[in-house]
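Some notes on the structure that comes next.
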Amino acid sequence: MAKLPIGVIGVGHLGSLHAKMLHSIPSAELVGVFDAEKTRADRIANEYRTKSFLSIHELLKNVTAVSIATPTVTHFEIAKLAIECGVHIFIEKPITHTTQEAEQLVRFAKAKGVTMQVGHIERFNPALLAIETYHLRPMFIESHRLAQFNPRGTDVAVVLDLMIHDIDIILSLVHSPVEKIEANGVAVVSDHIDIANARLQFKNGCVANVTASRISQNKMRKLRLFQRNAYISIDFSEGQAEIFRLVDEGEEVKNLTMMLGQITAGTRNRNIVYERPEIKEVNALRYELELFVDAVQNKKQPVVTGEDGLQALKVAHDIMDKINQQRIKF
Ligand code: NAD
């Protein structure tokens, strides 16, 4: 199959890595880059032996797909332009600044038959990929995404910057609408919420307790799932997953690391097993871009669709509304 002609718009911190990955993906041809700062675009184009375009329009005329890694407030206008030109889009997370913009983009892309994938990169974290084959039906979820302070990203609330990763993952695991949200948060250092906690209650009874902070002393990116007969812990930073399960006596266990004991109460004997599934070496950014290229070339639905990006953004905004209501009361 011919290589997919693709470009990158916005080659700052993350976009330069998009260019690096796309340059190295055999099924893609990095046709060029564009950035509002010409010198930056020239430097990245030079580094990856590609063209630095003078305008977004010129770039869009020469590609079949584009990756958008500009500041979030600019996503909508740039993505709209790309869709108008019939160019498939990979768009960094969060999909847009407002839910109205995201709704418009999702509708527009569908009407134009344009593939849209949103850069919720943690879906491709090797630790999460490692538990894909387990039957997941979480009823209680606890997530912590704690980072040290870094001025980058503080132009938006931590909910939009960090917590949205966990919101997207949780929505992809629970498969049930959010019924009720309680949330609180504080703008400790920046002018926006720096630390936030939300309790999401789903229609199927599942509850997720989600915490995100960008003012922590120590880093942590963990998700813990509790379900009937199993407890699963995922460490995104360390790239590790652990599973504690109850299995019937004699049942085959794929990744058995240790037998922890036996439960003889009830109608049948069950074993408590501890599993550490094998973690494949995956570069999440490269993998998500490879899958995007594949989705465009083979007309497949992307793993993280525009609709997924929209739903995560909606929940993030609902959380921020709740936090703002609390702040007004205070
Ligand atoms: P950045 O500021 O480092 O880079 C943005 C680049 O876009 C800059 O080079 C800037 O000159 C350029 N730019 C600004 N306006 C433009 C326009 N209208 N047209 C073309 N270029 C323009 O920002 P960043 O940290 O790379 O973040 C970019 C996007 O990636 C944001 O949406 C952010 O939320 C997202 N992001 C996602 C993750 C993730 O984990 N998936 C991590 C970091 C950032």
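If you read the sequence from its start, that first residue is 1, and numbering goes on from there. Order of appearance sets the numbers: ligands from 1, and atoms from 1 within every ligand.
Scanning the protein for heavy atoms near atom 28 (C) of ligand 1, the closest one is Ala69 O, 3.3 Å. The protein heavy-atom contact nearest to atom 41 (N) of ligand 1 is Glu92 OE1, 2.9 Å. Closest protein heavy atom to atom 18 (N) of ligand 1: Ile78 CD1, 3.9 Å. Shortest contact from atom 33 (C) of ligand 1 to any protein heavy atom: Lys93 O, 3.6 Å. Among all non-hydrogen protein atoms, the one lying nearest atom 2 (O) of ligand 1 is Arg152 NH1, 4.5 Å.
The cationic group of Lys110 does not satisfy the cation-pi geometry with Phe108, failing either the under 6.0 Å distance to the six-membered ring centre or the 45° limit from the ring axis. Geometrically, Arg145 engages Phe236 in a cation-pi contact defined by less than 6.0 Å to the ring centre and at most 45° from the axis.
Ligand 1 lies nowhere less than 4.0 angstrom from a heavy atom belonging to Glu122. Within the structure, ligand 1 lacks Ser16 among the residues with a heavy atom less than 4.0 angstrom away.
A side-chain donor-acceptor contact under 3.5 Å links Asn125 and Glu122. Glu92 and His18 share a donor-acceptor pair across their side chains, judged by distance under 3.5 Å alone. Side-chain polar atoms of Arg286 and Ser24 form a donor-acceptor pair below 3.5 angstrom. If you check the side chains of Glu242 and Tyr231, you find no donor sitting under 3.5 Å from an acceptor. The closest side-chain donor-acceptor pair between Gln240 and Asp235, if any, does not fall under 3.5 angstrom. Between Thr39 and Asp42, the side chains place no donor N or O within less than 3.5 Å of an acceptor N or O (distance only, hydrogens not considered). When only modelled atom types and interatomic distance are considered, Glu307 and Gln311 share a side-chain donor-acceptor pair under 3.5 Å.
Considering backbone and side-chain N/O atoms, Ala36 comes within less than 3.5 Å of an N/O atom of ligand 1.
Ligand 1 places these atoms under 4.0 Å from at least one heavy atom of His75: 32 (O). If you number the atoms of ligand 1 from 1 as listed, the ones under 4.0 Å from a heavy atom of His13 come out as 1 (P), 3 (O), 4 (O), 25 (O), 26 (O). Those atoms of ligand 1 that come under 4.0 Å of a heavy atom in Phe34, given as number and element, are 19 (N), 20 (C). Listed by number with element, the atoms of ligand 1 under 4.0 angstrom from any heavy atom of Gly119 are 41 (N). Heavy-atom contacts of Gly10 reach the following atoms of ligand 1: 7 (O), 21 (N) (cutoff under 4.0 Å). Close approach of ligand 1 to His165 (heavy-atom distance below 4.0 Å) involves ligand atoms 39 (C), 40 (O). With ligand atoms numbered from 1 in the order given, ligand 1 contributes 8 (C), 9 (O), 10 (C), 11 (O) to contacts under 4.0 Å with heavy atoms of Arg40. Under a 4.0 Å criterion applied to the non-hydrogen atoms of Pro94, ligand 1 contributes the atoms 34 (O).
Within the set Pro71, Gly12, Ala284, the minimum heavy-atom distance to atom 7 (O) of ligand 1 is found for Pro71. Distances from atom 12 (C) of ligand 1 to the heavy atoms of Asp35, Thr70, Leu14, Ile9 show the closest one on Asp35.
Pairing each heavy atom of Ala212 with each of Met163, the nearest pair is CB-CB, 3.6 Å.
Ring-plane geometry between Tyr274 and Phe244 is classed as tilted, the angle between the planes lying from 30 to 60 degrees on a 0 to 90 degree scale.
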